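Following: one structure in structure tokens, then a few remarks.
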Number of protein chains: 2
Amino acid sequence: MTSRLGYAILALLARLPSTGYELSARARRPLGYFWTAQHGQIYPELSRLLDAGFVSFTTSPGPGPRHKKVYSVTAAGMRELAEWVVRPPAPARGDRDEMLLKAYACWTADQPAAAALFDDQISRHQERLARYLADWQAVQSRHGGGPPPVTHPDFGSHATLRFGIDYERQRIGWLRWMADALSAEKRLAGP
Amino acid sequence: MTSRLGYAILALLARLPSTGYELSARARRPLGYFWTAQHGQIYPELSRLLDAGFVSFTTSPGPGPRHKKVYSVTAAGMRELAEWVVRPPAPARGDRDEMLLKAYACWTADQPAAAALFDDQISRHQERLARYLADWQAVQSRHGGGPPPVTHPDFGSHATLRFGIDYERQRIGWLRWMADALSAEKRLAGP
DNA sequence: TCAGGCATGTAAGGCGTTACATGATTCT
DNA sequence: AGAATCATGTAACGCCTTACATGCCTGA
């Protein structure tokens, strides 16, 4: 039994052995699209994974006052990860999406300002969508333009990016609809 | 300045004055679809909102050893809420979607078991979708079958439910695609 | 020479969940 | 008689973010 962060770390290390520092950098793209981890949390978790025997490390004389540790997943760690993947997750608790909370309360607010807020969010998500699409292309190009085989690490990236692309498109559509609805009323009340 | 939970509480109270106990019940439907709050967090937050002057309460002799407190939003609280709605949120950090993390690592797992897991999730999301659709219908029926005006509290429910419906449909599509991809490989490798 | 990247760790504090604690009323 | 619901509060614990602390190497 490990925390969810532990499995995120195992999933990263299963692809490529890394130092704690590298993990915090790698936990931005593409894992960071749906999971984050700062180094302040990674180092303690790595030592817990070490105690559990799921990772091991080799030292090399790195920069700074301390030695550098390159971690990799042990056979027991791989087994643990594979079993966790297949275990059904606890039903997700509230997702805490701040824009949804704002939408829930938007009837209390100034309408043009709210319309502007939702409209403004669109560009942010378009940027994200563009990033996902670029990564998606990059992954596919490594496999002759098609999807990677399901036993290849790239399949994980492919699958999560596919979700991200659909999600951002859906969200952009919703944001547009919100912005429209909040400015449409204005027009009807006009001269 | 209040925490995000504070605004969630203000958004609920702006619709209907409630006790802390009622708030924790109301924070399930429909706000709980995207935001949760247990009473263990609500009572301390209510006293903070009280100190800030955003809510007030009237006591009535309730059951149990303590008196019952019905909270409502003050004029200052409504102003605070309306301003917050229009304020752009800090860019969302990692969303911590456990199924995405499992998808990211699914290449390490047993494929038929993983396919079963993703397939199993579909029914959960279909249930959610059905609940959202029912609520959506209920909201619309209160406004002659059409969308509520943007100044009505129901517009908040309408907007968030619309998001939820699109989201669940998108997710069901993705889950199906995952389940297919994870079992298709099996067929190719078959006799 | 100074900024930024590499590299590892600890500590403080916020947010959130679960469990502890109390007790009246109502339904079975 | 016992369980469920209404009702309020506190405490312990876990997870996560941010800040503190150290120090080398490389490039501008």
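In what follows, every chain begins at residue 1, and chains take the letters A, B, ... in the order their sequences are listed. All values below come from the heavy atoms of this structure, side chains included, with hydrogens, waters and symmetry mates left out. What you are looking at is a predicted structure, and each value in this text was computed from that prediction instead of being measured.
If you check every strand for non-hydrogen atoms under 4.0 Å, A/G40 touches a base.
For D/dC6, neither phosphate oxygen OP1 nor OP2 lies less than 4.0 angstrom from any side-chain nitrogen or oxygen of B/T19. Contact between the side-chain N/O atoms of B/R96 and the OP1/OP2 oxygens of D/dC16 is found at a separation under 4.0 Å.
Inspection of the B/R28 and B/T36 side chains reveals no N or O donor paired with an N or O acceptor under 3.5 Å. If you check the side chains of A/S18 and A/R26, you find a donor sitting under 3.5 Å from an acceptor. One side chain, B/D135 or B/Y33, offers a donor N or O that lies under 3.5 Å from an acceptor on the other.
Checking A/R48 against B/V70, the closest nucleotide of DNA chain D that is more toward the 5' end is the one next to B/V70. Toward the 5′ end of DNA chain C lies the nearest nucleotide of A/K68, the other residue of the pair A/K68 and A/Q41 mapping further downstream.
Rounded to an integer number of Å, the gap from B/Q38 CD to C/dG16 P is 10 Å. Regarding B/H67, its NE2 atom lies at a distance of 19 Å from the P atom of C/dT22, rounded to whole Å. In this structure, the CD1 atom of A/I42 is 14 Å from the P atom of C/dC6, given to the nearest Å. Following rounding to the nearest Å, A/E45 (CD) and C/dT8 (P) show an atom-to-atom distance of 16 Å. Atom P of nucleotide C/dA21 and atom OH of B/Y21 are separated by 20 Å, given to the nearest angstrom. The CD-P distance, from A/E22 to C/dG5, rounds to 15 Å in whole Å. Atom OH in B/Y43 sits about 11 Å away from atom P in D/dT10, given to the nearest Å. Regarding B/L50, its CG atom lies at a distance of 13 Å from the P atom of D/dT8, rounded to whole Å.
Annotation for B/F155 and B/P148: closest pair CD1-O, 3.6 Å, computed over non-hydrogen atoms.
For A/H39, the listed nucleotide lying nearest its side chain is D/dA19; candidates were C/dA19, D/dA19, D/dA7.
Ring pair B/Y7/B/W84: centre-to-centre distance below 6.0 Å.
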